[in-house]
Structure formats: C-alpha cells, structure tokens
Colleague: 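Structure below; questions to follow.
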Number of protein chains: 2
Amino acid sequence: MEYLTDRQKVILMLVIHDYVRNAVPVGSDHLVRHYHLDFSPATVRNEMAALTDMGYLRQPHTSAGRVPSEEGYRYFVGRLQEDVDLPDSTRQTISHQFYQTRHDIDQWGRLAASVLAHQSKAASLVTAPLSETVRFKHLELIATHGRQVLMVLVLGGGDVHQRVFALGEPVNQEQLSNVANRLTKMLSANDLDGVRRLAGAQPAGLEQDVLGWVIAIMERSSTPGFGAFYSDGLSNVLAEPEFASPEETRRALRVLEERSLLEELMTHTFANHPNGVQVLIGGEGNWEELKPFSVVLSQYGAPGLATGMLGVLGPMRMAYGRTISAVRFLSALLSDMLSETLGDDAMR
Amino acid sequence: MEYLTDRQKVILMLVIHDYVRNAVPVGSDHLVRHYHLDFSPATVRNEMAALTDMGYLRQPHTSAGRVPSEEGYRYFVGRLQEDVDLPDSTRQTISHQFYQTRHDIDQWGRLAASVLAHQSKAASLVTAPLSETVRFKHLELIATHGRQVLMVLVLGGGDVHQRVFALGEPVNQEQLSNVANRLTKMLSANDLDGVRRLAGAQPAGLEQDVLGWVIAIMERSSTPGFGAFYSDGLSNVLAEPEFASPEETRRALRVLEERSLLEELMTHTFANHPNGVQVLIGGEGNWEELKPFSVVLSQYGAPGLATGMLGVLGPMRMAYGRTISAVRFLSALLSDMLSETLGDDAMR
DNA sequence: ATTAGCACTCTCGGTATGAGAGTGCTAATT
DNA sequence: AATTAGCACTCTCATACCGAGAGTGCTAAT
C-alpha cells in the first residue's frame, strides 16, 4: 500500500463522504466550495489525479468528477473502523425496544432486522442463534388422527421442532404419552452421540421409530444455515439510484432474495475471521453477484453455546461509519441478551 | 352488465390473452394475423370500439392498440373461473414435493409459497394455519441463568411458543419442573376460558406468575395475523415491465414488504366470502395502493379447527387461469394435509 | 509548491424528424 | 344489413443533433 499525504487523506475522505451522501461524482470545484478548503481547485485536481493513479478513485468518464474505487472504500473503512460509535440517544432507543420484547425470543430476530435496516438504510440480514452442541431436553407425542402422530421436540437452548409421522398401527394417546415420558427421562440432557448410543440399546418398535426421528432432527438442527432467517429493508437498497435501471433492479433482487448466496458468504467469512465486524466491499473479487454491493457482518451470541450472524447488505456507496457501528452495537446487544437467557444451565 | 356477442367475447378473450403474454397493447391487425381470425381487421376494429364503449377495453392513447380494463379482466375471470385446472403432470410434481416434506410441518408454508410463486410467476403469500380454539397441551419450564426462566408452551394443534422471564428469586430446575408438571396436569386440554378459571383459584406466587404468561400467550395466539407469514417471488413481480420505472418499483415494493396491508386485505375478503378462490382486480376500488395489482386468494385448512390463507399478488396483467388453478389446487392440498395431521383429536 | 487560465472532452436535456403502428370513418362489396 | 377495403389522420418511439454545462489536465505564472 502506498503512502498518502495528510492532504490526500482529507480529500479522499471528503470525496467518499460526499459521494455517499449525494451519489453524484465529486468535482474539485464542488469540494473546495462546499467544504471550505484552504487550497484551490487546481490543487485538488492534482491530488485527485494522484489518488486516481494510486487506485483509490475512479473517473466514470473523462469529464466527470471522481468516484471512490473499491480500494478507496477499503482504505477509508480501515482507517475508520476503530473510532465510530452510535450516538447515545440512538443506543438507548434501541436498547429500550429490545427491553420491551425481552420476553419474546421469537421476536428478537425480526426486531434486530428491522432496527438494522432502519439504522443503515440498507437491507439487513439476521440468522437465529444456533446451539453449537445440541442437547435433548423434552419430547412430546400427540396423537392426532388415525395413525398420525405429531412430535414436538424441545432441545437445550429452547430450540423447538415439530414433525408429523404415521405409525404402523394405531396407538392411543395414553400409550404415546408413556413412550414420550420414558424417552424424555432416558434421553434427558444427552447430546447427539449420547442419544445415538442409548438408541442402539433399545429394541425395535415404537420407541425405536421415535428415536430415529429424534436423531434425524438433532442432526439437522446442528447444521449451520438451518435456522430462521430474518431480513428487512430490501426497499432501502432498491431505492438507491444505482439500482434504478431494470436490469440492476433484477440483479439486486436476485441477491437479496437468494438466501443461499448470503449464507455461503457468511459462513465463509466467519470461517476465516470469527471475531469482530467484517466489511466486504464489492464482493472482494470472490462473489461476482455482489460486485455492486458491500456487506457488513458480525457474529453474535455466546461462543461455545449458541451463535448467530447478523449484517447489512447495501450498495458499495454505503454509510460505512453508521452501519459498522450499528452492526457492532446490535451484535453486542444480542450477545448479552442471549447469554443472559441461555446461561450455561440452559445448554445441559 | 351488457350483453356481448360471441364474436365480441372471442375478441375480448384474445386481447386479454395476448396482452397478458406480451404486455403490449393489442392492435386489430396483429390479432387477425396472429390468431388466424376469419374476419377482417376492420371488423375487429368495430368490435373493439364497441368493447371500449362498454368499458371492457381501454386505449392507452389514440393510436395504440387496446388494453383490457379492470372490467374486462373481471368479465374474463368470471367466465373462466369454473373450467381451468392445473395440468396433471404439474399436480403430480407438486404433490410429490409436499409428500417429501410431509413430516416437517414447519416447511409447509415455505414450500407452498415457493410453489405458488413459481406456478403463478408472481409473488405468493401464505399464512400459517391458526387454530380457532386454542387449547393448552403442555408446559415446560427451563432454568437458564440466575433467575431467568425459559418457558416452552405447546398448544393443541402443535403451536409452540417460547417466552423468557425473570423470577423474583432464584428457583432451581427441580422446583421448576415440579411446577411445570403440576400445571400441565391441571390445565391439560383446557381452552382459554378454562385456563382463566383455573388460574383464578390459584394462590399468588410462582404458579400464578407462570399462569399469567400462559394466558397472555393463549390470548395472543388466537388473534388473526399473528402466525408465521411466508412470501416468495417478489422478484417475479418487480421484473414485470409495468414496474420498470423507479417510482413504480418503489410503490410495488411498499405493497409487497408491508405485511399489514395484505393481512387487512385477506381478513376483509374472507369476512365477506369465506369459501372458494377470490380474485380481487385492481384493488376493487377499496385499496388505492393495490391499483396496479390483482390478488388471488383462498382460505385453506379444516374449518372449525384451524385455517390459514394463501394467495398470489401480481400485476393486473396476470395469467389468471394458471394462477387461480394453482391457488385452488394448493389450497385443497394443504387442507388435506392439515386435516390429516390435525384430526379432531389434536384439538382437544 | 501552488494556482490562474484555458482549451478540450464528455454528458445530458431538449428539440426536430421520420418511420411505423393503429385508428376511425366512408364508401364499396357481398 | 353486415362486412371490408381504402385512406387520411394521429400519436408514439427511436434516432440524430445540437448547445449548455461541468469538469478535467496541462501550461505558465506566481
């Protein structure tokens, strides 16, 4: 990386600031006038030319102003990352909102997505926390209709799963309850391996069938990308001028609707950088579809117990400062709430 | 409603068919050539003029072809509704997909939304089924951390709810389990009134606190619009040429993202017409925001037990035949699956 | 090292223009 | 009486063509 003089840094920051605000290429005149710089447009032009040579700025065409390049954004974000924080009043408002839904776990994800979308004015993504070690907690079997059985399985950490299946022969509710109680007692607090081991020792029959389902669910629920997925603020992104044209709109929508790409991105990112807020600018060369986007991501949760991810996807021309601080703040907030709720005991 | 000659009907159908396909105003020449009509363009012009007078067609401007009006679509849909059906092969494919997820209730909604979006090439909406009478089934209390308690409440029909709350003083897991067992035994199979009555007879204390939460959840879970909400295929709609312009895109997105409007629409529609597939064209004058859209809706479920709604929202220029039949088929399919799963027994 | 001056480049909005599509009317035809 | 050929007319859309304006890069002066 090449060195920038202080003045070049100032100019780079201002160009980014202005471009993020107005979505219009920034010219030397405009910059000097608008920010009361104490050097002349010509000087700015020279510096801009230098910044362009170094790859931090781009020119859409010969006679337009400058626009930050991916490199430019990266430099900016690198400098910036440490010292931004959400205003106190905002933090309090958000904390308050979460305080009000503190009892209702199911709402946390939605609220986080909503807050994040609102703060960043971009699209937000939140995955529900996933327990890292799955433990059996409670089993319920409900006779419904003929040989149909509804199974409700509660796992440690409060994951709840439902399945429907049919038995070989009709069984009444009383028998089912007996089986459920016996299995609950037997399996209680076991992890997947434990359940497998105990299942091996059981004779074939109703118990064995149910155990098969329990194991299947416990296997699936520990694979990442399985849990709930909240998203909000798509319209924020599509409202940005860079997605005005129909093809751009389509491209953007494909990315936003296609959950799998984002999951891959998240998993991949955190495999390499598990901690802190990650900023991916323009897909970082790896994701062609994300070229016009930037993504700000963070993990949250209690490491070793349960973790989820949350983040923001927006145009590369994004208010990074605000977004990064929002992601960091929410990640910390959710982590606190989660570890308060799912203390160590809950996982056993 | 005025009478149409057979020839006028043919022409109206063809105009709609062609316009739905190509999104281009239909001219008399084009119609005759493309569909090998055995009368001349001039005749078609006369008939078109008549249809325009009667309000079934519109002219975007003096020298463009004709476009169906809302009235035109309505007439068309009215004639059509009885005799369309999804091709056998499609029905089998869909049935097969559902067969594969038959065990996984949680997936039904998502799958239905996906299939519906795919079949109609528009945006789909599915609400999870909601039990009409809520009955207590099972309660689980899990000590997590300090005085935090995680409560899992299973209601008849398999609704599962989670809440977190804090107790006045620490209570260990054993005590909690005792309380949970006692309350489960006491409340089992009671509806909201029953639970209220039993709660009244309890002394204040831990039990009373828990009962308060149970009642709150049971109250909320019986209000419509509370359950899960699946949606898919937004991009199908936004890809349509009528939403190409930025403002139109925004308008469309507001409608699609704003869940409340659609819920209001659904509730209102089924209050008046509980049965069968409902088609709302252009908002029917009541919903300004839905002016450019049409909505095809149906209820599904076992009436008296649990019902949900599903439907499609797309541009007024919609393939009504296919969409109506898809909605009807899926509604029937889900109803079957639901009543098979939640037979009478499940609701007690 | 900075800046004023200036020629040059490129985009963008507005206007003209002409082809093409489609209509509605009239008069002829069946 | 219904249908159709013929035709003048209207309106849109794509294209081309400016001219204004914004912004640059270079040179020469400060």
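Letters A, B, ... are given to chains in the order of the sequence lines, protein chains preceding strands, and every chain is numbered from 1. Only a predicted model underlies this, so the values are computations on that prediction, with no experimental measurement involved.
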Colleague: Which listed nucleotide (C/dG24, D/dG25, C/dT3) is nearest to the side chain of A/A49?
Modeller: D/dG25
Colleague: Side chain of A/S28 only, heavy atoms from C-beta on: which candidate in D/dT24, C/dT2, C/dT23 is closest?
Modeller: D/dT24
Colleague: Quick check: are there more than 12 heavy atoms from other residues, nucleotides or ligands sitting under 6.0 Å from CZ of A/R21?
Modeller: no
Colleague: Without decimals, in angstroms, what is the distance between A/H61 NE2 and D/dA22 P?
Modeller: 13 Å
Colleague: Can a donor-acceptor pair be found, under 3.5 Å and without considering hydrogens, that links the side chain of B/S69 to the backbone of B/G55?
Modeller: yes
Colleague: Whole angstrom is fine here: how far is it from CZ in A/R66 over to P in D/dG23?
Modeller: 12 Å
Colleague: To the nearest Å, give me how far apart NE2 (B/H30) and P (C/dG22) are.
Modeller: 8 Å
Colleague: Take the protein atom CZ of A/R7 and the nucleotide atom P of C/dT3, then report the distance between them rounded to whole Å.
Modeller: 7 Å
Colleague: A/S63 has a side chain; which of C/dC10, C/dT3, D/dA5 sits nearest to it?
Modeller: C/dC10
Colleague: Nearest whole angstrom, please: distance from the P of C/dG5 to the CZ of A/R45.
Modeller: 12 Å
Colleague: Once you round it to whole Å, what is the distance between P of C/dG24 and CE of B/M48?
Modeller: 9 Å
Colleague: Compare side-chain N and O positions of A/T62 against OP1 and OP2 of C/dT9 and report whether any pair is under 4.0 Å apart.
Modeller: no
Colleague: Any N or O donor-acceptor pair under 3.5 Å from the base of D/dT4 to the side chain of B/S40?
Modeller: no
Colleague: Describe the nucleic acid contact of A/N46 in one word from base, sugar-phosphate, nothing, applying a heavy-atom distance below 4.0 Å.
Modeller: base
Colleague: Are B/L290 and B/L313 close enough that some pair of their side-chain heavy atoms sits under 4.5 Å apart?
Modeller: yes
Colleague: Whole angstroms only, please: what is the CG-P distance between A/L37 and C/dT3?
Modeller: 11 Å
Colleague: So, B/D18 versus B/H30: side-chain donor-acceptor pair below 3.5 Å or not?
Modeller: yes
Colleague: Under 6.0 Å between the ring centres of A/Y73 and A/Y19?
Modeller: no
Colleague: Between A/E47 (CD) and D/dG23 (P), how many Å, whole number?
Modeller: 19 Å
Colleague: DNA chain D: B/A42 or A/Q59, which has the more 5' nearest nucleotide?
Modeller: B/A42
Colleague: Just to be sure I understand: a Watson-Crick pair is purine N1 to pyrimidine N3 plus N6-O4 or O6-N4, both under 3.5 Å. Using that and G-U wobbles, which stems of three or more pairs involve DNA chain D?
Modeller: C:1-30 with D:1-30
Colleague: Would A/L51 and A/R66 count as a side chain to side chain contact (heavy atoms under 4.5 Å, CB included) if you check the C-alpha gap in whole Å, the side-chain angles of each, and the deciding distance to 0.1 Å?
Modeller: CA-CA 10 Å; A/L51 286 166; A/R66 298 308 210 286; over 6 Å; no
Colleague: Indicate whether the side chain of A/T90 and that of A/T93 have a donor and an acceptor atom separated by less than 3.5 Å.
Modeller: no
